[in-house]
There are 2 protein chains.
Amino acid sequence: MTAIDTRAPASVAPVDPRRAWQVVLQHIEADLLAGRLVPGDHLPAERTLASELGVGRSSVREALRVLEVLGLIRTQTGSGPQSGAIIVARPSGGMSSLMRLQVAAQGFDVRDVVKTRLVLEAAVVTELAEASVARIDGLDLGPAVELLDAMDADGRVSEAEFLALDAAFHLALAELSGNAVIASMMAGLRNSIESYVLAGVPNLPSWPETSGRLRHEHRDIVDAIEKGDAELARGRVRAHITGYYTETNFISAPTDPLRQAQGTLPELVEGNRSLSSSKGTEPDRGLPHG
Amino acid sequence: MTAIDTRAPASVAPVDPRRAWQVVLQHIEADLLAGRLVPGDHLPAERTLASELGVGRSSVREALRVLEVLGLIRTQTGSGPQSGAIIVARPSGGMSSLMRLQVAAQGFDVRDVVKTRLVLEAAVVTELAEASVARIDGLDLGPAVELLDAMDADGRVSEAEFLALDAAFHLALAELSGNAVIASMMAGLRNSIESYVLAGVPNLPSWPETSGRLRHEHRDIVDAIEKGDAELARGRVRAHITGYYTETNFISAPTDPLRQAQGTLPELVEGNRSLSSSKGTEPDRGLPHG
DNA sequence: ATTATGCTGTGGTCTGACCACATGGCCTGA
DNA sequence: TCAGGCCATGTGGTCAGACCACAGCATAAT
């Protein structure tokens, strides 16, 4: 067998190096980029897509599953206008899944999550404060303030409910700033460490005292924003966030750049936070679930 | 038929409201949270996982596909230690996919992406500058500076290569800050608007002039960081980023909070940026591809 | 000792078959 | 004519089974 087989198989089938599901994903992405698909549109039926792209239905479904988790589509069984896969483009759920899983898999350090939240939150209040001075009629922080009012139902709000309202308040501020990117990031960051936040409550010396302080700080932040004092708002929001985390012993030293032993991180109970637990406070569905 | 059928079907089959792939996803997430799975570990084989969880293999595959896109696992065919699904926990690829698709689907506004990048980048250089003053031996910005040196090969670097090096430089700064969350966010933000950045090059009055200015600004930023002047570094990085985007007419007014017509955004050619295009400059694989 | 060979287990893919479900038209009876 | 119920239809959700390509490894042949 000294002779090499020279019959080139090149003409037979130019094999696609991409895996089948990637073909589907890229096809849909191209349609999105070209504007052929916009939010509200229906994707073709799975079987249709499969035959059109020359792949199996299971490959189509793998791609759709990715799009669903990333928050790009919503799927529904049955028939009619609401059935099928519909473009929705809601990033928060995907951001939450991504961050929560990365934290779980140790791709993200919890302290980095908190630090990042600090950065974004400071940017949010800065933007809001500047927007407040820019317009004579003032800024409407109504949606956020309503959440603060809800928190004031003292005694009738459980700790978990309080923290959920707290998260919703901060998220509302981000949304009011008008930056959907930052808002979804905030949602994801908060979501990814929610179990840690909850687990830290028992470390608090006094819950009534802490919750009272938090409520007060919230009002102060709103005041600073409405006054248009960006610097003050930044400082207050920083103190607000770092205060809580230091009090629960999550962050040993607020700005320590060195990595430390992770002994202070709580050992989470299995299944404490799982993929489908979107509570009522989240305006956005996390991972779609039944 | 006035009598209601009271035979409770409760005992027959407590149907799981979750879809099968969510069961798999939550199972794996629980293993991650409990530390039973850590980076480097192998997931059970698909067929094994399917039978253990009582679902079909296709459902397992849908969950694995999600994990793969989110950057949690890497899959490989064949046998041996490198085959199968392995926990990797690399967030950048997933962040990039998420943001790019959300931009494509109009869930994210490009201007918000740029504004967010501004916020994060300012935080990065602030942290680096503060770290620089904190240690006597200074900060080692070597990895970032090397990229600047590569950009200085004037004339022998194409526009696309230059911009890729530029992106790598900013990403390197983020990574040097030690915050993996911000670093992956930066990677995603930049990746999601890469096609817009490239499409803006023809709008520049003079590429040699602009590229020269950018290189100079990069050096200035590094200088400010090494000097430990956080305020100066922030200002320079802000000017650096906004300067480029305004010059390419991407952002009409840097801080205009009002939404405007999207006419200035380039109409992207279909397939220009697709899911599997991770160039050599990215240390991290984006979406896995062949 | 070295090389060749085939076995084995992995992910990748497709096909076909069901199911549950929601809709909407049709048919029946009032 | 109208109201109600019924069923055909098309959708996603799921599963089982069958291949394939591939990488490693044990074994056999040289």
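Chain letters run A, B, ... following the sequence lines, proteins first, then strands; residues in each count from 1. Everything numeric in this text was worked out from a predicted model, so none of it was measured.
Using a cut-off of 4.0 Å between Lys/Arg side-chain N and Asp/Glu carboxylate O, Arg100(A) and Glu29(B) are scored as salt-bridged. Under 4.0 Å is where a charged nitrogen must lie from a carboxylate oxygen, and between Glu62(B) and Arg61(A) at least one such pair does. By the 4.0 Å N-to-carboxylate-O rule, Asp166(A) lies close enough to Arg190(A) to be salt-bridged with it.
Distance CZ (Arg18(B)) to P (dT14(D)): 11 Å, rounded to an integer number of Å. In this structure, Arg61(A) atom CZ and dC14(C) atom P are separated by 15 Å, rounded to whole Å. Across the protein-nucleic acid pair, Leu64(B) atom CG and dT13(C) atom C1' stand 15 Å apart, rounded to whole Å. Spacing between atom CH2 of Trp21(B) and atom C1' of dT14(D) amounts to 14 Å, rounded to whole angstrom units. Nucleotide dG11(C) holds its P atom 11 Å from the CD atom of Glu68(B), rounded to whole Å. Rounded to whole Å, atom C1' of dG12(C) lies 13 Å from atom CD of Gln76(B). Taking atom CD of residue Glu62(B) and atom C1' of nucleotide dG11(C), one finds them 16 Å apart after rounding to whole Å.
Closest-nucleotide positions on DNA chain C for Ser58(A) and Ser79(A) were compared, and the one nearer the 5' end corresponds to Ser58(A).
Here the side chain of Glu175(B) pairs no donor or acceptor atom with the backbone of Ser184(B) at under 3.5 angstrom.
Within 4.0 Å of Gly78(A), counting heavy atoms only, lies at least one base atom of the nucleic acid. The residue Gln82(B) sits apart from the nucleic acid: no heavy atom pair falls under 4.0 Å. Within the 4.0 angstrom heavy-atom criterion, only backbone atoms of the sugar-phosphate kind lie near Ser59(B); the bases stay farther away.
With distances taken from any side-chain atom of Arg19(A) to the nucleotides dG12(C), dG13(D), dT11(D), the minimum falls on dG12(C). Side-chain atoms of Pro81(B) lie closest to dG24(D) of the nucleotides dT14(D), dG24(D), dC14(C).
Distances shorter than 4.0 Å separate some side-chain N or O of Thr75(B) from OP1 or OP2 on dG12(C). The phosphate of dG12(D) has neither OP1 nor OP2 within less than 4.0 Å of any side-chain N or O from Arg65(A).
Inter-residue side-chain proximity for Leu120(A) and Leu120(B) is flagged as met; some heavy-atom pair is nearer than 4.5 Å. The shortest distance between side-chain heavy atoms of Ile182(B) and Asp112(A) does not fall below 4.5 Å.
For the contact set between residues 38-53 of chain A and DNA chain D, defined by any heavy atom under 4.0 Å, the members are Ala45(A), Glu46(A), Arg47(A).
The structure places CD1 of Ile73(B) at 12.5 Å from CG of Asp41(B), a figure rounded to the nearest 0.5 Å.
With hydrogens and angles ignored, no donor-acceptor pair closer than 3.5 Å exists between the side chain of Arg57(B) and the base of dG17(D).
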